[in-house]
Amino acid sequence: MSSSFRTPDGGRIDRSTTLEFVFDGQSYAGHAGDTLASALLASGRHSIATSVKLGRPRGIAAAWAEDPSGLVQIEEPFPEPMLLATTVELYDGLAAHGLPGQGRLADVPDSARYDAMHAHVDVLVVGAGPAGLAAALTAARAGARVALVDEQAEAGGALLGSDDRLDGSPAADWVASAVVELAAHPEVLHLQRTTAFGLYDDGFVLALQRRTDHLGGAAPRHEARQRVWRIRARQIVVAAGAHERPVVFADNDRPGIMLAGGARTFLHRYGVRAGSEAVVFTTNDSAYAAAVDLADAGVRVAAVVDARPEAPGHWLAACADRGIPVRSGSVVTGTDGDERVAAAHVAPLADGRPGDAEPIACDLLLVSGGWNPAVHLFSQARGTLRFDAALGAFLPAEELDGVAVAGSAAGVMDLAGCLADGRRVGAAALAALAVGAPAEPALPAADDAPAGLGPMTLWRVPDGGDGSTSFVDLQRDATVADLARAAGAGLRSMEHVKRFTTIGTAHDQGKTSGVLASGITAELLGIPIQATGTTTFRPPYTPVAFAALAGRDRGRLFDPERTTAVHDWHVAEGAVFEDVGQWKRPRYYPRAGEDMEAAVLRECAATRSGVGILDGSTLGKIDVQGPDAAVLLDRLYTNLMSSLKVGSVRYGVMCGVDGMVIDDGTVLRLAEDRFLVLTTTGGAAKILDWMEEWVQTEWPELRVHLASVTEQWSTFPVVGPRSRDVIGAVFGDVDVSNEAFPFMTWRDTTLGGVPVRLARISFSGELAYEVYVSSWYALAVWERLVEAGRPHGITPYGTETMHVLRAEKGYPIIGQDTDGTVTPHDLGMAWAVSKKKPDFVGKRSFSRPANQNPLRKQLVGLLPVDRETVLPEGSQIVEFRDDGRLPAPPVPMLGHVTSSYRSAELGRPFALALVKGGRARIGDTVHVPVGGTLVPVEVTGSVLVDPEGARRDG
Amino acid sequence: MTGDITRPRTPGADLPDHPDFLWRNPEPKKSYDVVIVGGGGHGLATAHYLAKNHGITNVAVLEKGWLAGGNMARNTTIIRSNYLWDESSAIYEHSLKLWEGLEEDLGYPILFSQRGVLNLAHTLQDVRDSIRRVEANKLNGVDAEWVEPDEVRKICPIVNTSADIRYPVMGATYQPRAGIAKHDYVAWGFARRADEAGIDLIQDCEVTGFTTDGNRVTGVQTSRGTIAAGTVALCAAGHTSVLTDMLGFRVPVQSHPLQALVSELLEPVHPTVVMSNAVHVYVSQAHKGELVMGAGVDSYNGYGQRGAFHIIERQMAAAVELFPVFARAHLLRTWGGIVDTSPDASPIVGRTPYDNVYLNCGWGTGGFKATPGIGDAMAHTIAHGEPHPYVAPFALDRFVSGALVDEHGAAAVAH
Amino acid sequence: MQLIECPWCGPREEVEFHYGGQAHVAYPEDPAALDDEQWAHYVFYRDNPKGRFAERWSHAAGCRRWFNAVRDTATYRFESVYHPDQPKPVIP
Amino acid sequence: MAEQLSRTHPLEAWLPAFAELSGAVRISAEPFVPMTVLRADPATAGDVRIRGAALPTAPGSWASAGAGWLIWLGPDEWLLTGPGAAPEALEEELRTLLRPVGGSAADVSAQRIGIRLGGPRARQVLAKGCSIDLHPRVFTPGQSAQTTLGQAGVLLLALGEDEFAVLVRSSFGGYLASWLLDASLEYAAPALTS
């Protein structure tokens, strides 16, 4: 498709490669190096979409991220919502359409890869324009570790969109040489297509690198599409440039109305004439260059309209040479046109008011209201801004520690000045690092900037009406009229005005509209703009895809899966797993045709009648050593541990200072000065930290050391009346008789030369032995036990069966039968609370009034009277209702069901519950609402199987 | 001006216009019957109900910055009442009932959208806690139900309910009457009504101290002069400790950063509100189409109204894990608020050591949804000099007696 | 995202640390001697200043050592870090 | 019952994938070696020698001890690794050595596993999930760091120019192996090199 708007030559595109793409269903062609916007303009298309509220046609209004209106939806190669046509690099097969307001998400998952990379540098330079390149060169030449990030496809910044010359050659030559020199420095990280989007504390900058987007469908699958760089910089140089600012006037939103600098960029960088007949409206010198360059490129420039009473002499002459009429002291008051601007209404400005307007035909209206330095990152670093009246813009008002601003971002608007400022700031960054400035060649000489006139600050051209077509924020369709309503409504803070008008809340976050809104609001309120200020600049500088921030923490890597040394065996045996914290634990081992209930009934019965084996390796284990080990445990457990004999085991409970149970487990005394503390699976890390915290911060005088040995020791409870036979068979040298090896004691032995520890601990009430072995040998020992157990029908069981067996004995699971509001007494464990010890953590809280309340919830058992219903865990409990019906809410609740199972042993379902004054209610019948009905349940003690504990010795 | 308040707005919808006049910007008077410190949602709602329900209008609301510019402007606007404990569900359900009539009461299009809230369960313990909460809610007259994964998919088709993700969705609690509203509209609605009633809303007025006489506060010293006060209500959320330090008494709250974010405007994909405690994300799609999301609380105390970015990154990972279609949605803006958290994750409301000073703080992440309820209860408390029954259980002295209302464990999702 | 100076390991990312709240709040000598209010203040009450705050931190993902820091809760800036057994430094 | 028990390495299932990586990144599982965590106050344990090595007191450092490493874990904590006596014998030997100076020792041989990471791209692979400065001039051979890699806590040792050891709790071994392979894909995917 031939394009009449492409210049015959020039630009930084590769005219030898043609790229086909589709926009709004229509086929177009462009070249490598184009953006979607430049390719569309080259085809004569300005109009992109209609606006969100008013449905007015909108086009491409700038050449990069500051464009407030050129939003598109990518469809191919993969749907992506709301990107700016000006920032989408063209590739073959791109399909997109204009976006009237809301983007569309793909309905299939995104299979692209994303990742993150950490970097540490002495100096981070944001922006590879003249100032940024100069700063980076200075830092690099000093041998500093430098990162240079720039959001565009290639370095150069504003130079890419100009015909500036350095040392008499195109500035691009100097840019190229600078890039080559930087590449030669081993300590320089130079990233293009990389946007620094957030600046945080201590020199932390986040930057998004678009690595393969420009390759379209040809992007390699194994590479991350986008990468988030997490850069720690000792010094940061923000050389992010400046955004041109429009002037607001009536009907200023039509396609074909564009920032002057943008049109100049399209011409020089992409070889595209943004129109054929142009009017240029400016308040400063910079737009003249656009007028002159476009005229030289064959665009008929019908007029330059300069709001200032006088036009700059140099530019007057340049325009005269090209037959461009210049109307100084004039403004554009409005436009005509439909899909595209057709005429600009130009009127003389007499003491601030426009006179009679005269239409000037054009298909391109270039506007320049001055420049806003890109102070976003500086402002994110909480740097304060001041309004510079001469420049008509907000500038950094202070020096920040470690964050410096250079070039046009600091208000330096000429090329020579930017180069010098960049070098100066680069050297200052080095100085702050106590690195001397390097010997450097002289900076390249820019052509003398013509003597010019200062800019005029003009926010808007009064439209004589209500301003309802004078657009301030094009994306939000917000106008001067909206600002006037906000002021009239009593709003004084720009934060209120922003929310009232929604100005600055759209995709561009107010890059062009924010300062305009402040300026116009100040006028409306009759106060200086310093008083209104700006709204807060927040990260990100430009939008970032969710998936890019998720990085590789997706799917399998979203959160670590912790597994035991026997995990693969469980998998091979078809175990169904349960997530317990980050651990994967076998929940049950279904056999063919079994559901969970069947499998668990089988596992329970087999264990109570024969022998079962559990992988208990996830239990937390802490090695406690030192002369004061017992003292520490006495202070942290509610019960007495110092009296525990070497070779013995004791169950213990830990409370927080608030007296609520936080964990429980058994403690083995390995030596006078050594204990092995077992915690719950979920509590392992928390309890080690808890113990360390007390030792380190409260009782540093205690001679005790803690070490986590959770993974060191695999733990296999072998449980059931036949467990003695199995243990005896595997560990022939151990006398497993009750007499020689009583309950709550442990013994060391070896197996094949490997140390093994056996402990008579029971979490089921049955005769049981816990086998501890180094995880190196875990699988071998596990298989030995299973092998030896085969004659006895040993049955591997999971957490579900473990829960049933312990519940039948009334043993609580911390976190299931407790919720952080339960004391040991509530659990019926007063026996585990020492009366002897003067103090232990939590003791004092037991005597608070609320702890004396007889109606505290207490752990009891529940037996559904119908012997059938398995009460859903979490069910609430209410008083028995004779009529079997619930009264109208609110219905007083007595407590809730914490654990509930079908018991093979009892031949009926049962539950554990926390019930107000529960122990006093034993024998009562209460109701549990299940579905629509009230299920009568009998309150019992919490121990339902073998209350006298006859089985634990087999 | 009132729009359809039961459904999310249509694609591409703009927001309804604000009224032509909101409030005066008066100079503070020398003296007021009631001085409310804090011009956020709670302070403004308290002012509204003082005027509406008790005819008390000689009132000033003092705001150190701009009205409703604190947490009210920074929250994720989730409204629900499905809390575990009787005391909590009572105040939040009272609030929800007021929400249901608030658009009419304020004559303001607050965009209250009862689109329902799903609290996902990812572990067996989540399921137990969820059912416990649902059953308690039912008995307390709060609409709540337990829904299985396939029903979750029906209610919110974009939730990843496949079994092979790291933390599969095992079900959820669902409160159909829960939803979202447009926070600025809510705050400005209260402010406009209070202003209409003659209550002075005084901005850029920072409290710098208090004048006391024994057990009474007689004056409030501010950056705009000292203001005599008959009764003082502290509604300063994250800055409460700064005020109580001036008054010389302590409250057990800690102020933490809490961050939130929005995406660009998107076609409707998310019809409800989804919260997941286990993977730490809560998200809704607001009226214009942007995804609004909140994260976990930053660990350290902070008044900076900003948090650490790793929290956002972790939240994005959770979002993409739970909602794969979000992959190429874009993070448009992040911000932070200051949440005042209490030891039992429940608010602290009522009397203070000063006879004429009432306290309202400690709402943590629950403040927005409580706005009308606590405004009403505070107004009642101030008018009667007696804590409203709804707030009585949340008195400061519960930390001495130990009678906490601990919403940590059981309320699972604490947002 | 802070860079926090562990007294032993040097500057590390904030994510490696665990926050421990107000520093210099000692466990009472004799809890039994305290009345309920005094005990409640130990258990539940901590300062919450806007500005300088002496806090406890632990380098949880590193050397697992607790230390104290004076940090400004408004700016988040760390002004000093010191060992748990050292007194709160006087900062001008 | 006296025949040797076999040992199972937690990363056995990952070894083939490790082997397939191209040379840009090399990943291998370290062999089983006894490991012992040592605690002592350097003030009182200054004269202690472990396999000829003094307890390193510089944070984030390690010293050669026999054929293994003696690694600083904290101001009064070290990890000794390396072949030699059986773990339980080593623990007893070290307890006996350290108890007189108020120290302790605990066998943690199976608490962690070791992964060896090498090759010209090894640093980039680590930098994808490790926030400490890994610059060759900063993280030099002889240094170590306890930090996080991805979402796993690790003990990272610089062994040589492009050679690292990563010690991780064995329950996290599978996660870390998957994470490392995924991070290495762009540099060392077998598909790219074949």
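Every chain is numbered from 1 and lettered A, B, ... according to where its sequence line falls, protein lines coming before strand lines.
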Using a 4.5 angstrom heavy-atom cutoff, name the option from H705(A), E223(A), K584(A), R703(A) with the most pairs to chain D. H705(A)

Which residues from residues 140-151 of chain D are near chain A, with near meaning under 4.5 Å between non-hydrogen atoms? Q151(D)

For the backbone of P755(A) and the side chain of E88(D), can you confirm whether one donor and one acceptor N or O come within less than 3.5 Å of each other? no

Side chain, backbone, both or neither: which part of R123(D) has a non-hydrogen atom closer than 4.5 Å to chain A? neither

Non-hydrogen atoms of chain A under 4.5 Å away: do they reach the side chain of E12(D), the backbone, both or neither? neither

So W776(A) and P87(D), do their side chains get closer than 4.5 Å, heavy atoms only? yes

Can you tell which part of T564(A) gets under 4.5 Å to a heavy atom of chain D, answering side chain, backbone, both or neither? neither

Positions in residues 24-37 of chain D that reach chain A, provided some heavy atom is under 4.5 Å away: F32(D), V33(D), P34(D), V37(D)

Counting only heavy atoms not in D47(D) (residues, nucleotides, ligands), do more than 12 fall under 6.0 Å from its CG? no

Charged N to carboxylate O under 4.0 angstrom, E186(D) versus R221(A)? no

Between F558(A), W713(A), W229(A), which has the largest tally of heavy atom pairs under 4.5 Å with chain D? F558(A)

Looking at Q712(A) and S109(D), would you say the former's side chain and the latter's main chain have a donor-acceptor pair under 3.5 Å? yes

Chain D contact via L670(A) - which portion, at a heavy-atom distance below 4.5 Å: neither

Examine whether an atom of I132(D) lies under 4.5 Å from a heavy atom of chain A, and if so say whether it belongs to the side chain, the backbone or both; otherwise answer neither. backbone

Quick one: closest heavy-atom pair of K128(D) and D115(A), and the distance? NZ-OD2, 3.1 Å

Report which part of D76(D) has an atom under 4.5 Å of a heavy atom belonging to chain A: side chain, backbone, both, or neither. side chain

Check each atom of V754(A) against the heavy atoms of chain D and say whether the ones under 4.5 Å are side chain, backbone, both or neither. side chain

Judged by modelled atom types alone, do S171(D) and E711(A) share a side-chain donor-acceptor pair under 3.5 Å? yes

Salt bridge flag under 4.0 Å for residues D182(D) and R556(A): no

Please find the pair of heavy atoms, one from S178(D) and one from L557(A), that lie closest to each other, and give the distance. CB-CD2, 4.1 Å

CZ-OH distance between R562(A) and Y175(D), expressed to the nearest 0.5 angstrom: 13.0 Å

Most contacts with chain A, counted as non-hydrogen pairs under 4.5 angstrom, among G173(D), G174(D), C130(D), P10(D): C130(D)

Of the listed H567(A), Q582(A), R113(A), R230(A), the one with the largest count of heavy-atom pairs under 4.5 Å with chain D is R113(A)

Where does R99(D) contact chain A at under 4.5 Å (heavy atoms): side chain, backbone, both or neither? side chain

Rounded distance (nearest 0.5 Å) linking atom CE of M117(A) with atom CD of Q124(D): 5.5 Å

Closest contact, heavy atoms only, Y777(A) versus S6(D): CD2-O, 3.8 Å

Per-residue tally against chain D (heavy atom, under 4.5 Å) across R552(A), E561(A), R145(A), E783(A) peaks at R552(A)

Do you know which of A127(D), A86(D), G129(D) has the most heavy-atom pairs with chain A at a distance under 4.5 angstrom? A127(D)

How long is the span from the OG atom in S774(A) to the CG atom in L5(D), to the nearest 0.5 Å? 10.5 Å

Looking at D133(D) and R232(A), does any basic side-chain N land under 4.0 Å from a carboxylate oxygen? no

Which answer fits T750(A), side chain, backbone, both or neither, if we ask what part of it has an atom under 4.5 Å from a heavy atom of chain D? neither

Pick whichever of S708(A), A778(A), A119(A) has the most heavy-atom pairs under 4.5 Å with chain D. S708(A)

Give, as side chain, backbone, both or neither, the part of A707(A) having an atom under 4.5 angstrom from any heavy atom of chain D. side chain

First locate atom CZ of F204(A), then atom OG of S131(D), and finally report the distance between them rounded to the nearest 0.5 Å. 8.5 Å

Heavy atoms only: give me the nearest Q625(A)-S104(D) pair and the separation to one decimal. OE1-CB, 3.2 Å

Quick check for you: among E77(D), R95(D), H9(D), which has the greatest number of heavy-atom pairs under 4.5 Å with chain A? R95(D)

Is D673(A) close to chain D through its backbone or its side chain, or both, or neither, when contacts mean heavy atoms under 4.5 Å? side chain

